[in-house]
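Scroll down for the structure; my scribbles are underneath it.
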Amino acid sequence: MGEPVLIVGGIRALLLQALHPRTMWGTAQNSELMNPDAAWARLGRTVEFVRVRTYGTHDEVERVGRRVRKLHSKLTGLDLRTGETFPVDDPENLLWVHMGEVDSYLDVARRAGVPLSAADADAFVDEQRRAAAVVGLDPAGVPGSVAEMKDYYADMRRRIFACREAREGLKRMFSPAVPQHLMPLKLAAPGVAMLVVSTLPRWARRMYGLPGLPTSDLAATLALKGLYRTTHAVPERFRYSPDAQRARRLTRAHEADLATWSMAS
């Protein structure tokens, strides 16, 4: 999760999540996501939640989880197809958002060249069920392996599409409204957006009305590999965020303790 290239995965997740109409409508109707002047701050709050959920202590994670669950429990959305009102924290919506993150982070990591075996990939999907619990899902009902995740998407593809709000979000990704001090990001946005879009599954690109060609998959994979190798030319103290550096130190210390206990036994 600390690898810089996974920023691409985080943005990819947003596009994938937007393909569930109720998820998109519930978000658009209850937040400032569709307001160009406020969307950046809203995105910042999402990034902060992911940061705490990934690197925080148990108490910190429970605190932000409790706040998010309480907020979601008060919100409803309007289904623009049927006129039906639905709860934002409907388990189907929560699960779709969760799986969009898991699939996106894992797909980008593996294509970029992050060393993960098939068992590692299954372990990642399984471990992320703890993240699903933070937003109120029962981990027992959440896919816990790559195969289960593929089956989940095969079933959901028949029930999703790119609504108007999702298409609008895609367009704005190429020219986002950013604060003045982050204006260089606006210049880089078209290139980043092209890469992110090309990492989506072919079926997702087609739902957005974009080509779903194998050549795009290959180009995206090569670009991700290049980004990963480039970032690894940077020393660790600059490559990783303070949270990620702390996590790596804790992991190494834990592995050293396990090795010591193994030799002692």
**Report entry** Any side-chain heavy-atom pair of Arg69 and Leu94 under 4.5 Å
**Finding:** no

Requested in this report: Quick one: pull up CZ in Arg167 and CG in Leu19 and give me the separation to the nearest 0.5 Å.
Outcome: 9.0 Å

Report task. Let me know which of Gln17, Arg12, Arg53 forms a side chain to side chain donor-acceptor pair (under 3.5 Å) with Glu101. Result -> Arg53

Query - Side-chain donor/acceptor of Ser175 to backbone N/O of Arg172, under 3.5 Å - result: no

Query raised in the report: Would Leu43 and Leu14 count as a side-chain contact (heavy atoms from CB on, under 4.5 Å) if you check the C-alpha gap in whole Å, the side-chain angles of each, and the deciding distance to 0.1 Å?
Result: CA-CA 10 Å; Leu43 178 61; Leu14 296 176; 4.0 Å; yes

Query - From Asp103 atom CG to Tyr152 atom OH, the distance as rounded to the nearest 0.5 Å - result: 10.5 Å

Query raised in the report: Any side-chain heavy atom of Trp25 within less than 4.5 Å of one from Asp79?
Result: yes

Query raised in the report: So, the side chain of Arg205 versus the backbone of Leu200: is there a donor-acceptor pair under 3.5 Å, distance only?
Result: yes

Requested in this report: Answer yes if Val197 and Leu218 sit in the same cluster of Ile, Leu, Val, Met, Phe, Trp and Tyr residues linked by side chain heavy atoms under 4.5 Å apart, and no otherwise.
Outcome: no

Query raised in the report: If you group Ile, Leu, Val, Met, Phe, Trp and Tyr by side-chain heavy-atom gaps below 4.5 Å, do Val102 and Met1 land in one group?
Result: yes

Query raised in the report: Say you draw a straight line from CG of Asn30 to NE2 of His72; how long is it, rounded to the nearest 0.5 Å?
Result: 9.0 Å

Requested in this report: Without swapping roles, check the side chain of Arg239 against the backbone of Pro4 for a donor-acceptor pair under 3.5 Å.
Outcome: no

Query raised in the report: Asp243 and Thr54: side-chain contact (heavy atoms from CB on, under 4.5 Å), yes or no, with the steps?
Result: CA-CA 9 Å; Asp243 288 309; Thr54 303; over 6 Å; no

Requested in this report: For the pair Tyr153 (side chain) and Met99 (backbone), establish whether a donor and an acceptor sit closer than 3.5 Å, ignoring hydrogens and angles.
Outcome: yes

Requested in this report: Could you give me the CA-CA distance, side-chain angles and deciding distance for Arg67 and Phe49, then say whether side-chain contact (heavy atoms from CB on, under 4.5 Å) is met?
Outcome: CA-CA 10 Å; Arg67 185 166 66 243; Phe49 171 77; over 6 Å; no

Report task. Grab the two heavy atoms, one from Gly56 and one from Val61, that are nearest each other, plus how far apart they are. Result -> O-CG2, 3.9 Å

Query raised in the report: Heavy atoms, side chains only, cut-off 4.5 Å: are Arg202 and Pro214 in contact?
Result: yes

**Report entry** Minimum heavy-atom distance between Ala189 and Phe174, given as atom pair plus value
**Finding:** CB-O, 3.8 Å

Report task. Step through the shown structure and confirm whether more than 12 heavy atoms of other residues, nucleotides or ligands are within 6.0 Å of CZ on Arg248. Result -> yes

Query raised in the report: Between Glu236 and Arg249, is there a salt bridge with N-O shorter than 4.0 Å?
Result: no

Requested in this report: Determine, using the 4.5 Å side-chain heavy-atom cutoff (strictly less than), whether Tyr228 and Leu222 are members of one ILVMFWY cluster.
Outcome: no

Query raised in the report: Is there side-chain contact between Tyr105 and Val50, with heavy atoms separated by less than 4.5 Å?
Result: yes

Report task. Using a strict 4.0 Å threshold on nitrogen-to-oxygen distance, state whether Arg159 and Glu92 make a salt bridge. Result -> yes

**Report entry** Distance, nearest 0.5 Å, that separates CG of Leu16 from CE of Met207
**Finding:** 9.5 Å

Query raised in the report: Does NZ in Lys186 sit with more than 12 non-hydrogen atoms of other residues, nucleotides or ligands closer than 6.0 Å?
Result: yes

Report summary line: Closest heavy-atom pair, Gly2 versus Ala244, reported as atoms and distance to 0.1 Å, is CA-CB, 4.0 Å

Report task. Answer yes if Val114 and Val196 sit in the same cluster of Ile, Leu, Val, Met, Phe, Trp and Tyr residues linked by side chain heavy atoms under 4.5 Å apart, and no otherwise. Result -> yes

Requested in this report: Taking the side chain as every heavy atom from C-beta outward, state whether Leu95 and His20 have any atom pair closer than 4.5 Å.
Outcome: no

Query raised in the report: Which heavy atom in Ser198 sits nearest to a heavy atom in Ala220, and how many Å separate them?
Result: OG-CB, 3.4 Å

Query raised in the report: Under 4.5 Å between any side-chain heavy atoms of Val97 and Val135, yes or no?
Result: no

Query raised in the report: Which residues pass the side-chain contact (heavy atoms from CB on, under 4.5 Å) test with Val52, sequence neighbours left out?
Result: Glu48, Glu60, Val64

Report task. For atom CG of Leu213, decide whether the heavy atoms of other residues, nucleotides or ligands shown that lie under 6.0 angstrom number more than 12. Result -> yes

Query raised in the report: Got Val125 and Glu148 here, is their nearest side-chain heavy-atom distance under 4.5 Å?
Result: no

Query raised in the report: Between the side chain of Glu165 and the main-chain N/O of Ala28, is any donor-acceptor distance below 3.5 Å?
Result: no

Query raised in the report: Is it true that Arg164 and Glu168 have a side-chain N and a carboxylate O under 4.0 angstrom from each other?
Result: no

Requested in this report: Would you check if Gln128 and Leu106 make a side-chain contact, meaning some heavy-atom pair closer than 4.5 Å?
Outcome: no

Query - Step-by-step side-chain contact (heavy atoms from CB on, under 4.5 Å) determination, Lys171 to Tyr208 - result: CA-CA 10 Å; Lys171 291 178 183 177; Tyr208 276 112; over 6 Å; no

Query raised in the report: Can you get from Leu227 to Val192 by hopping between Ile, Leu, Val, Met, Phe, Trp and Tyr side chains that sit under 4.5 Å apart?
Result: yes

Requested in this report: Hey, could you give me the CH2/CD1 distance between Trp96 and Ile160, rounded to the nearest 0.5 Å?
Outcome: 3.5 Å

Requested in this report: Specify the closest pair of heavy atoms between Val88 and Gly77, including all atoms of both residues, with the distance to one decimal.
Outcome: CG2-N, 4.2 Å

Report summary line: All heavy atoms of Gly83 vs all of Leu78, minimum pair found to be O-CD1, 3.3 Å

Query raised in the report: For Met194, does the CE atom sit with more than 12 other heavy atoms under 6.0 Å from it, leaving out its own atoms?
Result: no

**Report entry** Pairs where residues 109-123 contributes a residue and the test salt bridge (Lys or Arg N to Asp or Glu O under 4.0 Å) is met, not counting sequence neighbours
**Finding:** Asp107-Arg111

Query raised in the report: CZ/Arg130 to CG/Leu137 distance, rounded to the nearest 0.5 angstrom?
Result: 15.5 Å

